[in-house]
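Note: hydrogens, waters and symmetry copies are ignored here, and every other heavy atom, side chains too, is used. Here the structure is a predicted model, which means the values were calculated and not measured.
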Amino acid sequence: MNSDLINALIAAATSLAVVVLSQFLIHIKDQSQLREKEMDALLKEYFNPIRFMLSENYFRISRIVSEVKREGNAKKLLTVNHASEIAGKEDEWFCREGCYLVSSAYLLACMFSYIDNIRTKLSFFRLPHNTDTELIRLINKLTAEFSRGGIYYVIQMDMGKKISGAETGVLSYREFCMLLKNGQDLIWYSSIIDFFLRLGRGRYQEAEYILKDIGELTHYIDHAVSGGDSIEQKMQAERDAADRRTEI
């Protein structure tokens with residue numbers, strides 16, 4: 001075999017290798033871009049909403065706990081003696097004296113909805129940094145703590161499904177209030193109302209365990225999506241708002 005033929009075969013093999021390698025790199029790039037799109041969709045639909053709701057609940061519950069430790073109770077929560085008294089309340093009550101109690105329950109119900117959504121769709125997730133096993137462990141730890149606080153696991157799931165909205169993700173606060181005005185619907189949410197009533201009367205110890213579990217789950221999700229500390233961002237935003245009010 002002469003040298004010209006050998007050179008030709010080498011050139012052909014090199015060209016073929018270049019083409020194969022180029023196609024392989026293009027495929028890898030396409031897969032990477034697809035993965036980024038999938039993660040963006042995942043963040044938008046599942047993780048960003050629950051990060052927001054976890055931090056909202058952390059702030060609300062921690063503020064109540066602080067008030068109870070300082071004052072002995074949280075008077076703004078204690079506008080009824082029992083959840084059953086909410087049925088038939090006028091709309092104005094939900095916007096005024098009952099707003100703090102009901103909005104606290106609403107935020108927690110929304111959190112249960114987003115948690116149930118993640119648990120249901122968990123098999124579709126491909127999480128960075130860690131495995132889905134850790135995520136479900138932290139979710140189960142949090143839901144078990146609420147169960148010990150009287151909001152049982154199956155009630156959390158049912159509550160989460162009931163307030164889910166096809167377009168908005170969850171029902172609005174006003175729609176939630178309309179549910180509570182109906183005595184037949186209210187019974188399914190009474191445990192969450194009574195949880196805040198007990199907390200408002202001074203039983204803050206169980207809430208401290210819940211805050212710890214919310215913090216752990218939030219920090220895990222923050223890390224999984226390479227985001228900042230969403231709880232600290234919420235707390236700082238509230239501190240900044242309080243400072244502005246003081247200045248005025």
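Using a distance-only test at 3.5 Å, with no hydrogens or angles considered, a donor-acceptor pair links the side chain of Asn57 to the main chain of Met53. Looking only at distances, a side-chain donor or acceptor of Glu175 sits under 3.5 Å from a matching main-chain atom of Ser172. Side-chain atoms of Ser113 never come within 3.5 Å of backbone atoms of Ala109 as a donor-acceptor pair (strictly under, hydrogens ignored). Put simply, the side chain of His223 never gets that close to the backbone of His219: no donor and acceptor are under 3.5 Å apart.
Note on residues 90-101: pairs passing salt bridge (Lys or Arg N to Asp or Glu O under 4.0 Å), not counting sequence neighbours, are Asp91-Lys181, Glu92-Arg96. Applying the salt bridge (Lys or Arg N to Asp or Glu O under 4.0 Å) test to residues at least two apart or on different chains, none of the pairs has a partner in residues 106-115. For residues 189-216, the ring pair (Phe, Tyr, Trp, His ring centres under 6.0 Å) pairs, not counting sequence neighbours, are Phe146-Phe195, Phe176-Tyr189. Applying the ring pair (Phe, Tyr, Trp, His ring centres under 6.0 Å) test to pairs two or more places apart or on separate chains, none has a residue in residues 49-76. Within the structure, ring pair (Phe, Tyr, Trp, His ring centres under 6.0 Å) contacts touching residues 61-94 (residues at least two apart or in different chains) do not occur.
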Apply side chain to side chain contact (heavy atoms under 4.5 Å, CB included) to residues Ser147 and Gln156 and explain how you reach the verdict. CA-CA 8 Å; Ser147 290; Gln156 295 173 39; 3.6 Å; yes

As a quick check of understanding, evaluate side chain to side chain contact (heavy atoms under 4.5 Å, CB included) for Leu142 and Ile115, giving each step before the final call. CA-CA 10 Å; Leu142 177 58; Ile115 285 176; 3.9 Å; yes

Side chain to side chain contact (heavy atoms under 4.5 Å, CB included) between Ser103 and Arg60, worked out: CA-CA 10 Å; Ser103 65; Arg60 177 65 64 92; 3.0 Å; yes

Evaluate the side chain to side chain contact (heavy atoms under 4.5 Å, CB included) criterion for residues Asn81 and Arg201: first the C-alpha distance (whole Å), next the side-chain angles of each, then the deciding distance (0.1 Å), finally the verdict. CA-CA 10 Å; Asn81 292 315; Arg201 292 182 185 120; 4.3 Å; yes

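With sequence neighbours excluded, no residue satisfies salt bridge (charged side-chain N to carboxylate O under 4.0 Å, His left out) with Arg63. Looking at residues two or more places apart in sequence or on another chain, you find a side chain to side chain contact (heavy atoms under 4.5 Å, CB included) between Asp116 and Arg119, Thr120, Met157, Lys161. Taking Lys234 as the reference, Glu56, Glu238 meet the side chain to side chain donor-acceptor pair (under 3.5 Å) condition, with sequence neighbours excluded. For Asp185, the side chain to side chain contact (heavy atoms under 4.5 Å, CB included) partners two or more places apart in sequence, or in a different chain, are Leu179, Asn182. With sequence neighbours excluded, the residues satisfying salt bridge (charged side-chain N to carboxylate O under 4.0 Å, His left out) with Lys212 are Glu216. For Tyr173, the ring-ring contact (aromatic ring centres under 6.0 Å, His included) test picks out Tyr106, with sequence neighbours left out.
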Could you go through residues 64-80 and list every donor-acceptor pair under 3.5 Å that involves a side-chain atom there, pairing it with any protein atom two or more places apart or in another chain?
{"from": "Ser66", "atom 1": "OG", "to": "Ser62", "atom 2": "O", "distance (Å)": "3.0"}
{"from": "Lys69", "atom 1": "NZ", "to": "Glu208", "atom 2": "OE2", "distance (Å)": "2.4"}

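If you take CG on Asp229 and OG1 on Thr218, they are separated by 8.5 Å, rounding to the nearest 0.5 Å. How far CD1 of Ile163 is from CH2 of Trp188: 15.5 Å, rounded to the nearest 0.5 Å.
Between Ser191 and Met159, the shortest heavy-atom contact is OG-CE, 4.3 Å. Here the closest heavy-atom approach between residue Leu186 and residue Ala83 is recorded as CD2-O, 3.2 Å. Heavy-atom minimum distance, Leu199 versus Ile61: CD2-CG2, 4.4 Å. The two residues Asn140 and Thr143 make their nearest non-hydrogen contact at O-OG1, 3.0 Å.
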